[in-house]
Q: 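First the structure, which I've put down as structure tokens, then a few questions once you've had a look.
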Amino acid sequence: MVDVGFIGLGVMGQPMAVNLARSGAPLVVWNRTAARCGPVAAAGARVAAGPAEVFEQAGVVLLMLADEQAVDAVLARGTAAFAERCRGRTVVQMGTVSATYSAALAAEVAAVGGGYVEAPVSGSRGPAEAGSLVAMVSGDDDGRVGPLLAPMCAEVVGCGPVPGALLMKFAVNLHLITLVTGLAEAYGFAEAHGLDPEVLTRVLDAGPMASAVSRAKAAKLLAGDFTVQAAALDVLKNNRLIAEAARAAGVASPLLDVCHALFAETVGLGHGGEDMAAVVRAIRARSRNGRDPVGSRPAGRSG
């Protein structure tokens, strides 16, 4: 039996799987768009014909999929094949889904004799390529999952029972979303006042607020290069999931709600496939349309 399977080779999943294959782990992979398998196969992985073949051959299956519908599809959830795919295996759910969904899925996997681990990661495509992601882990790790995460992650942090890892990622992403949106707004402000954006970048890089995230996103804003690292559309999805979790706990999320509206506008303007720093486009559009004069109310919640 192949030790590990990996399903979902998108912006994040592909470099993660490449690093896992390069580590020497016997790996079988599948992706709905077959061309995405090429770099992983070149790194030593075998390509399966479909999800069922991955589960037939792997004792641990890592899922890095876009949404809950994609997870349900590859697990054949709601059909007899679900038990066949999960029984005796460990399903490692690494994508961003709702905490409620993950808790329900964990219970279903356990009911058919499988193990379930949440392992969402913090980081975008650059850290994924470098193998420097941070994984947050909850669930039934029997000792096999940690070593598989090591080639992809600089650190693995335990977060208690499911859905603790996802809730921790939501807290991290809340900070990330508001941070990048604030940075984009600062560049928009500087631009409107005729300030040199290179000087702004230099000041930010030299100051106490500088971070790997601020430097990476400032470089994009300075160059106007929104090649995707973390797509605006994915950020909008994350924003929605975090807001839902906040409301379920009765927690106010005023900054997140403003960001939600801005990212919805960014996607609506046709920039959902660009990097999250492209939120500056929505800020500029508001400025052109006179939507945010001094003293006006912030835009309402979107979605």
Q: Might you point out which heavy atoms bring A119 and V137 nearest each other, and give the distance in Å?
A: CB-CG2, 4.2 Å

Q: With clusters defined by side-chain heavy atoms of hydrophobic residues (ILVMFWY) lying less than 4.5 Å apart, directly or transitively, does V54 cluster with V112?
A: yes

Q: Between M64 and I7, is the side-chain contact (heavy atoms from CB on, under 4.5 Å) condition met? List the steps.
A: CA-CA 6 Å; M64 191 61 175; I7 299 177; over 6 Å; no

Q: Under the salt bridge (Lys or Arg N to Asp or Glu O under 4.0 Å) test, which residues partner R215, sequence neighbours left out?
A: D205

Q: Checking S253 side chain against L256 main chain: does a donor-acceptor pair fall under 3.5 Å?
A: no

Q: Any idea which heavy atoms bring K220 and T227 closest together, and the distance?
A: NZ-O, 2.6 Å

Q: Could you pull out all residues at least two apart from R22 that satisfy salt bridge (Lys or Arg N to Asp or Glu O under 4.0 Å)?
A: none

Q: E244: what forms a side chain to side chain contact (heavy atoms under 4.5 Å, CB included) with it, not counting sequence neighbours?
A: R240, L241

Q: Rounded to the nearest 0.5 Å, what separation is found between the CD1 atom of I242 and the OG atom of S98?
A: 12.5 Å

Q: Does any N or O in the side chain of S23 come within less than 3.5 Å of the main-chain N or O of L20, such that one atom is a donor and the other an acceptor?
A: yes

Q: Which pairs count as salt bridge (Lys or Arg N to Asp or Glu O under 4.0 Å) when at least one residue sits in residues 174-197, sequence neighbours excluded?
A: E191-R284

Q: What residues form a salt bridge (Lys or Arg N to Asp or Glu O under 4.0 Å) with E155, not counting sequence neighbours?
A: none

Q: Among the clusters formed by ILVMFWY side chains lying less than 4.5 Å apart, do V71 and L233 turn up in the same one?
A: yes

Q: Which residues pass the side chain to side chain contact (heavy atoms under 4.5 Å, CB included) test with A76, not counting sequence neighbours?
A: T79, A81, R85

Q: Do you know which two heavy atoms are closest between D141 and G146, and how far apart they sit?
A: OD2-N, 3.5 Å

Q: Once salt bridge (Lys or Arg N to Asp or Glu O under 4.0 Å) is applied, do any residues pair with E108, and if so which ones, sequence neighbours excluded?
A: R77

Q: Between N239 (side chain) and V235 (backbone), is there a donor-acceptor pair under 3.5 Å?
A: no

Q: Taking all non-hydrogen atoms of both residues into account, name the closest pair between A21 and V40 and its distance.
A: CB-O, 4.2 Å

Q: Find out whether F263 and T181 are in side-chain contact, i.e. whether some heavy atom of one side chain is under 4.5 Å from a heavy atom of the other.
A: yes

Q: Considering all heavy atoms of both residues, which atom of P51 and which atom of V74 are nearest to each other, and what is their separation?
A: CB-O, 3.9 Å

Q: If hydrophobic residues (ILVMFWY) are linked whenever their side-chain heavy atoms come closer than 4.5 Å, directly or via other members, who joins Y187 in its cluster?
A: L183, L200, L204, M209, L221, F226, V280

Q: Of all heavy-atom pairs between V91 and C86, which one has the smallest distance, and what is that distance?
A: CG2-SG, 4.2 Å

Q: Within the 4.5 Å heavy-atom criterion, are D3 and V60 side-chain neighbours or not?
A: no

Q: Could you tell me whether E265 and R281 make a salt bridge, using a distance below 4.0 angstrom between a side-chain N and a carboxylate O?
A: no

Q: For residues M94 and E118, determine if any side-chain heavy atom of one lies less than 4.5 Å from a side-chain heavy atom of the other.
A: no

Q: Using a side-chain heavy atom cutoff under 4.5 Å and only I, L, V, M, F, W and Y, what cluster partners does V157 have?
A: V134

Q: In this structure, are over 12 heavy atoms from other groups packed under 6.0 Å from R32 atom CZ?
A: no

Q: Give a yes or no on whether L262 and L179 share a hydrophobic cluster (residues Ile, Leu, Val, Met, Phe, Trp, Tyr; joining criterion: side-chain heavy atoms under 4.5 Å apart).
A: yes

Q: Is K217 close to M276 at the side-chain level, that is, under 4.5 Å between some pair of heavy atoms?
A: yes

Q: Take F6 and N31 through the test side-chain contact (heavy atoms from CB on, under 4.5 Å) and record every step on the way to the result.
A: CA-CA 9 Å; F6 200 112; N31 191 72; over 6 Å; no

Q: Could you check whether any side-chain heavy atom of F82 comes within less than 4.5 Å of a side-chain heavy atom of D72, counting everything from C-beta outward?
A: no

Q: Grouping I, L, V, M, F, W and Y whenever their side-chain heavy atoms are under 4.5 Å apart, do M152 and M136 come out in a common cluster?
A: no

Q: May I have the step-by-step check of side-chain contact (heavy atoms from CB on, under 4.5 Å) for T90 and R144, ending in yes or no?
A: CA-CA 9 Å; T90 298; R144 292 184 293 175; 3.2 Å; yes

Q: What's the spacing between T33 OG1 and L9 CG if we round to 0.5 Å?
A: 9.5 Å

Q: Flag yes if I283 and V258 sit in one hydrophobic cluster, no otherwise; membership is Ile, Leu, Val, Met, Phe, Trp, Tyr, and two members link when side-chain heavy atoms are under 4.5 Å apart.
A: yes

Q: Determine yes or no for a side-chain-to-main-chain donor-acceptor pair under 3.5 angstrom, with S102 supplying the side chain and A99 the backbone.
A: no

Q: N19 side chain to A128 main-chain N or O, any donor-acceptor pair under 3.5 Å?
A: yes

Q: Where do R46 and L27 land on the side-chain contact (heavy atoms from CB on, under 4.5 Å) test, with the steps shown first?
A: CA-CA 6 Å; R46 195 173 70 78; L27 183 64; over 6 Å; no

Q: Any sub-3.5 Å donor-acceptor pair from D275's side-chain atoms to A230's backbone N or O?
A: yes

Q: Are the side chain of R89 and the backbone N or O of F55 linked by a donor-acceptor pair below 3.5 Å?
A: yes

Q: Can you name the residues that form a side chain to side chain contact (heavy atoms under 4.5 Å, CB included) with R125, not counting sequence neighbours?
A: V11, Q14, P15, R36, E129, Q229

Q: Starting at OG of S138, measure out to CD of Q93 and round the result to the nearest 0.5 Å.
A: 12.0 Å

Q: Please identify each residue that fulfils side chain to side chain contact (heavy atoms under 4.5 Å, CB included) with A70, with sequence neighbours left out.
A: L65, D67

Q: Using atom types as modelled, flag every donor-acceptor pair under 3.5 Å from a side chain in residues 158-177 to any protein atom, sequence neighbours excluded.
A:
residue, atom, partner, partner atom, Å
K169, NZ, T96, OG1, 3.0
K169, NZ, V121, O, 3.0
N173, ND2, N238, OD1, 2.8

